[in-house]
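Accompanying notes for the structure given below.
Just so it is clear, the values below take in all heavy atoms, side chains as well, and ignore hydrogens, waters and symmetry mates. Just so we're on the same page: letters track the sequence lines, and every chain starts at 1.
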Amino acid sequence: MRKIQIVRGTIGVAGAVAVAELASRSGLVDPAALPAASTVLQRAAELTVDGEFLADVTDTLKAWLGGLALATLIALAAGLALGSTPWLGRASRIVVEFMRPIPSVALIPLAIVTFSSATQSKMALVCYAATWPILINTLYALRDVDPLAKETLRSFGFGPAAVLLRVNLPSIAPFVATGVRISASVGLVVVISTELVAGGEGIGSYLTETQSGGGRPDLMLAGAVWAGVLGLLINAVLVAAERRAFRWHTVRTGASA
Amino acid sequence: MLEIENLTHAYGSGPLIVGGIDLRVEAGELVSIVGPSGCGKSTLLRCIAGLQRPSGGLVTKDGKVVEQVPDDLAVVFQDYSRSLFPWLSVRDNVALPLRRRGLKRAARHEAADQALESVGLAEAGSKYPWQLSGGMQQRASIARALAYRPTLLIMDEPFGSVDAQTREDLEDLLLSVRGNGGMTILLVTHDIDESVYVGDRVVVLTKSPTRVRADLRVGLPAKRDQITTRGLPEFVHLRAEVGRLVRGIGTPVQSAS
């Protein structure tokens, strides 16, 4: 099953590369604007030994990871507080629903004014964007914790703190993890967007720089390829971690393991 | 051991569910509780277990009024798949309540393994609940209750979700632990044969708001088995009697207490 998926994936990627290659080679698009896929891939390979580009990647990942970690902590704490105090949950609902759809990108100017360093701005924006999926997942998962599981623990004389620690947290963990995975992708988009707009260091800045002046579309696209690869890798690692840690959940909900 | 005086309960301002129960249970007795479906048996059990504060009346256990879940009480629920924690191994599930006993990890595991062995699950400790059949899962939750060494064991339709063969096996398992170390057992069931087969007494409840309709002593020998016991005249007679009482026909009797 896994093998077939890998084969199919490879065929898909090869097909897409072939189409792009054909489009520039045949003169369908101007090769100066859209370099051949083989050229882009060659540049992408060269970038792995380009110290400056690697420093940009490190910078992007640092801001991304910091923001995501902070968001996880905030969202989990807020989710537990809002989810276990009914009146607090009701009171905050409108605020949450109001703030959630605000695109992080719209807050870039605010972040630039508020924070002195670019890394801080990026982290704050990633944190903002990444908080919502985790918070929403935490809230919904808390609402769905099996009352009988809680009752079971209570019937052995355990108090509310033990129920929170031994039933609520394990029950919601798989959903929180899914929220983190969604937020990881969102966060990557936000951090690179911020770099595009605000400059400084990072993959986004690299993309802007390669566009400026005469422009090096081949290098720019090579940078974009790495942004895509990062997103793919992050998702794959998180999916694998979820499957490993929450086998009890995937098996019970009938999801394919 | 257990004294229930004029126990009444209604959820919020809803209708009266438990309409005034008086019941006395001696230490070491196994009392079967039967009644029409939806009569409030589970509510009654929750009040006895201290999981639900009754609207009126008094539950006294060993001379002490039950206001919260007593220390030496265990409950076995019908829905084993929800009552066992899927993220813990079977051994850890059984060992978890022993934290309340202040036992060290090694001692908890030893007690859990012993209890699992006593219910015929010696090999299943390191498996997860969802890897076991329904009957084995219910054995595991019985083991969890037994490992806790309660003086009062409450079972809420514990064999309602297993197949007929497993049900008989579990009934015999219950008979083998009955009177063990002075443990008192309250068994709620909707199976009239079962109530007679395992019980020292059968308490028949009326429909909601429920009251005690009859309290019958089971005059069967202590040693029972599925084939012989179910053929005894006393068994056949009692089964018919209980059946009539549950359906609301026949004369209420108070042969016990």
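Using a 4.5 Å cut-off between heavy atoms, A:Phe158 contacts chain B through both its backbone and its side chain. Heavy-atom distances place both the backbone and the side chain of B:Leu96 under 4.5 Å from chain A. In this structure, chain A has heavy atoms under 4.5 Å from both the backbone and the side chain of B:Ala74. Contacts between B:Arg46 and chain A at a heavy-atom distance below 4.5 Å involve the side chain alone, from C-beta outward. At a 4.5 Å heavy-atom cutoff, B:Asp71 makes no contact with chain A through either its backbone or its side chain.
Under the 4.0 Å criterion applied to side-chain N and carboxylate O atoms, B:Asp200 and B:Arg178 are assigned as salt-bridge partners.
Contact tally against chain A (heavy-atom pairs below 4.5 Å) for B:Gln68, B:Arg144, B:Gln131: the top residue is B:Arg144. Across B:Pro97, B:Pro70, B:Ala145, the residue that shares the most heavy-atom pairs under 4.5 angstrom with chain A is B:Pro97. Most heavy-atom pairs under 4.5 Å with chain A, from the set B:Leu51, B:Ile154, B:Leu73, B:Leu84: that is B:Leu51.
Only one option out of B:Val25, B:Leu175, B:Ile185 pairs with B:Leu30 in a side-chain contact (heavy atoms from CB on, under 4.5 Å); it is B:Ile185.
Between the side chains of B:Thr189 and B:Glu157, no donor-acceptor pair is found at a separation under 3.5 Å. Using modelled atom types, one finds a donor on one side chain and an acceptor on the other under 3.5 Å when comparing B:His9 with B:Ser55.
A cation-pi arrangement is found for B:Arg101 relative to B:Tyr148, the charged atom lying closer than 6.0 Å to the ring centre and inside a 45° cone about the ring normal.
Relative orientation of the B:Trp130 and B:Tyr128 rings is parallel, given thresholds of 30° and 60° on the angle between their planes.
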